[in-house]
Structure formats: structure tokens, C-alpha cells
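Only one structure is covered here, and it is reproduced in the block below.
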Amino acid sequence: AKSRAVLSTQLAYLVHHVLSDEVARWPSLGHPNALEMGRPAGAKTGKNGDGSQVWTAGYTPQRVVVVRLGLPGSEVDIRAAAGIWHALMQYGTRGQPVLNWQMPAGVTVRDVCDPSGLLPTARCPKIVTEVFLQGTTPLVTDNLYRLFQVNRETGRLATAFTPPELVDQQVFLVVPLE
């Protein structure tokens, strides 16, 4: 049987990096949640349009498990599929060494400002580490966090008429309209 790669190893690593990001799942699944295994694992949950079928698919370097639950006309909680997935993965990886994926050549890691994804400045309050395909790392600094002069008494932007002793410098996130 002939096989053919559909993704480069670099792009596959980036997909894995996204699917294994536990912190990114916290807003939707809570913390802790069933996709957290105590070892590196990529996972994704989903459901069909009417909620009658739910699924969880995930993997470690040693195992792949997919769980699909549901019956037409019923509603199934997505946490049920995730819980079964978790139990099967824990059982299937017991006694296995904790492995992670090796970062291939052509992938770089860089600190960036959140949420812009651009190089951090002193004004950036949250710096995160991200993974990039080589040649796609940001080259410019963050432009969303901007320094403004604010009138301390009014809380509004300072003007030419604001006494200097009432001017504070404050950083605000300015999101483009688009």
C-alpha cells in the first residue's frame, strides 16, 4: 500500500500544538476537564447541529481514541463523550511512558503580545509563547496597546489645557474597527 503525506511535519506539529492547548479549552470546558490527562494529548470535541450526536477525538504519541455518542431525537451532553474518551485514554496509556512530540526543524518558538501576536513592547501586559513555521514569525512590534495622556480628574483624554500635574500616562488596548 502506498502512502502520501498530506501535511508537512512542520504543519502537523502546529496542528498538534493547537489541539493540545489545555489552557485554550478552559473557557469552554472548565478546569479541570476530561481532555486533561496528565500527559501531552491532542483532543477535540464536537456535536452535530441538533445536539443528538456528540464526539471526542484525541491522541497521544502511542494511542488514538474516538468516541461518538447519540441517538436521533435525543440530546447528549458533550461531557459524556469526553469522559468516556478520558477513561479509554487513561486505560490505553497506563504503563506507557509519557511522551511528547519532538519539534521538527523549520518550526520556531517566539514570545508575542496577546492578543495581537506581534512582538511584545513594554506596554504589553500579557506575553505568551507561540509556535510558528519558520519564516512566519512576526517582524513588527505590537500596535494594539497604546499609551495615552489622561486627565486624572476627569478620566478623559488630556488636552493642551490640562494642567501637567493632572496628566497621567495610561496604556489602553485599541482594537481596529475591522
Side-chain angles (χ1 to χ4, degrees), residues 1-104 107-118 120 124-133 136-138 142 144-145 172-178:
K2 238 179 173 179
S3 66
R4 176 176 68 97
V6 293
L7 293 177
S8 68
T9 55
Q10 294 83 6
L11 191 53
Y13 184 84
L14 263 62
V15 169
H16 165 70
H17 182 75
V18 169
L19 292 177
S20 64
D21 188 346
E22 290 183 354
V23 176
R25 292 192 287 254
W26 293 352
S28 61
L29 298 176
H31 174 65
N33 63 68
L35 300 187
E36 297 174 5
M37 295 186 43
R39 66 171 59 221
K44 180 71 178 109
T45 61
K47 63 182 177 178
N48 69 341
D50 65 2
S52 65
Q53 296 182 34
V54 295
W55 53 268
T56 298
Y59 56 90
T60 68
Q62 298 103 327
R63 300 285 184 262
V64 174
V65 171
V66 177
V67 174
R68 181 176 159 259
L69 301 174
L71 293 169
S74 66
E75 274 202 45
V76 185
D77 190 332
I78 205 160
R79 291 174 296 187
I84 293 169
W85 176 86
H86 180 90
L88 289 170
M89 287 299 285
Q90 292 289 47
Y91 184 81
T93 58
R94 75 189 186 294
Q96 297 287 319
V98 175
L99 300 176
N100 205 343
W101 287 262
Q102 295 296 318
M103 185 182 313
V107 174
T108 57
V109 176
R110 189 72 192 244
D111 285 344
V112 295
C113 187
D114 180 27
S116 71
L118 300 174
C124 182
K126 184 176 180 190
I127 297 173
V128 296
T129 302
E130 289 294 345
V131 178
F132 296 91
L133 292 176
T136 66
T137 55
D142 175 74
L144 296 184
Y145 287 100
F172 291 94
L173 175 65
V174 180
V175 181
L177 291 176
E178 64 274 3

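Just so you know, these numbers use all the heavy atoms, side chains as well, and skip hydrogens, waters and symmetry mates.
- Proximity of a side-chain donor or acceptor of Arg25 to a complementary backbone N or O of Leu19 within less than 3.5 Å is detected.
- Counting heavy atoms from C-beta outward, Met103 and His17 have side chains that stay 4.5 Å or more apart.
- By the side chain to side chain donor-acceptor pair (under 3.5 Å) test, Ser28 is found to be paired with no residue, residues two or more places apart in sequence or in another chain being considered.
- Under 3.5 Å, the side chains of Trp85 and Gln90 contain no donor-acceptor pair of N or O atoms.
- Atom OG1 of Thr108 is separated from atom CD of Glu130 by 11.0 Å, given to the nearest 0.5 angstrom.
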Pairs under 3.5 angstrom only: tabulate donor-acceptor contacts from the side chains of residues 61-71 to other protein residues two or more places apart or in another chain.
{"residue": "Gln62", "atom": "OE1", "partner": "Thr60", "partner atom": "OG1", "Å": "3.3"}
{"residue": "Gln62", "atom": "NE2", "partner": "Pro97", "partner atom": "O", "Å": "2.7"}
{"residue": "Arg63", "atom": "NE", "partner": "Gly92", "partner atom": "O", "Å": "2.9"}
{"residue": "Arg63", "atom": "NH2", "partner": "Gly92", "partner atom": "O", "Å": "3.4"}
{"residue": "Arg68", "atom": "NE", "partner": "Gln53", "partner atom": "OE1", "Å": "3.0"}
{"residue": "Arg68", "atom": "NH2", "partner": "Gln53", "partner atom": "OE1", "Å": "2.5"}

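- A ring pair (Phe, Tyr, Trp, His ring centres under 6.0 Å) check over residues 41-72, counting only residues at least two apart or in different chains, returns the pairs His16-Tyr59, Tyr59-Trp101.
- In terms of modelled atom types and a separation under 3.5 Å, the side chain of Asp114 and the main chain of Gly117 share no donor-acceptor contact.
- A donor-acceptor distance shorter than 3.5 angstrom exists from the side chain of Asn33 to the backbone of Gly30, with no hydrogens or angles considered.
- For the pair Phe132 and Val107, the minimum side-chain heavy-atom distance is 4.5 Å or more.
- For the atom pair OG1 of Thr56 and CG of Leu29, the computed distance is 8.5 Å after rounding to the nearest 0.5 Å.
- When only modelled atom types and interatomic distance are considered, His31 and Glu36 share a side-chain donor-acceptor pair under 3.5 Å.
- Minimum interatomic distance between Pro104 and Gln10 (heavy atoms only, all atoms of both residues): CG-CA, 3.9 Å.
- The salt bridge (charged side-chain N to carboxylate O under 4.0 Å, His left out) pairs that include a residue from residues 76-103 are Asp77-Arg79, where partners are two or more places apart or lie in different chains.
- Nearest approach of Val76 to Val54, heavy atoms of both residues: O-CG1, 3.4 Å.
- Using a 4.5 Å heavy-atom cutoff, the side chains of Tyr145 and Pro115 are in contact.
- Cys124 SG to Asp142 CG: the interatomic distance, rounded to the nearest 0.5 Å, is 5.5 Å.
- For the pair Ser52 (side chain) and Pro72 (backbone), a donor-acceptor distance under 3.5 Å is absent.
- At least one side-chain heavy atom of Val112 sits under 4.5 Å from a side-chain heavy atom of Val128.
- Remark: Arg110 engages no residue in a side chain to side chain donor-acceptor pair (under 3.5 Å) (not counting sequence neighbours).
- In terms of the salt bridge (charged side-chain N to carboxylate O under 4.0 Å, His left out) criterion, Asp111 has no residue partners (sequence neighbours excluded).
- The line from OG1 of Thr45 to CD1 of Ile78 is 3.5 Å long, rounded to the nearest 0.5 Å.
- The side-chain heavy atoms of Leu118 and Cys113, taken from C-beta on, include no pair separated by under 4.5 Å.
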